[in-house]
Amino acid sequence: MGEQEREDIARRIGTAVVFGIPTFVGAGIVWHFTETWTAVIAWVVVAAIAVLGLIGE
């Protein structure tokens, strides 16, 4: 595995970790306003799709 491949993997992992913070904060906000698990799960799924779109290039 070359240097470029390792940097690419590290960048993808870093992007996923950094995106996890607004996912949890957003889930808390969604819970505060709706108090339903369905809405929270929908938020997390949408955030996961967004992360996969960013790192799956």
Side-chain angles (χ1 to χ4, degrees):
M1 180 180 291
E3 183 70 26
Q4 181 65 27
E5 292 169 340
R6 278 184 277 164
E7 288 178 3
D8 189 48
I9 291 171
R11 181 187 60 82
R12 289 176 187 221
I13 292 171
T15 300
V17 168
V18 169
F19 228 88
I21 296 166
T23 300
F24 284 113
V25 172
I29 292 170
V30 168
W31 175 259
H32 175 75
F33 287 116
T34 64
E35 293 188 7
T36 62
W37 283 109
T38 306
V40 172
I41 292 169
W43 171 261
V44 172
V45 168
V46 168
I49 291 170
V51 169
L52 291 175
L54 285 173
I55 66 175
E57 37 183 62

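None of these values were measured; they are calculated from a predicted model.
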List the atom of Ala39, the atom of Thr34, and the distance in Å for their closest heavy-atom pair. CB-OG1, 3.6 Å
What's the shortest heavy-atom distance between Val44 and Ala27, and which atoms? CG2-CB, 4.5 Å
Only one of Val46, Val45, Leu52, Val51 clears side-chain contact (heavy atoms from CB on, under 4.5 Å) with Ile49; which? Val45
Any sub-3.5 Å donor-acceptor pair from Trp43's side-chain atoms to Val30's backbone N or O? no
Verify whether the ring centers belonging to Trp31 and Trp37 lie closer than 6.0 Å. yes
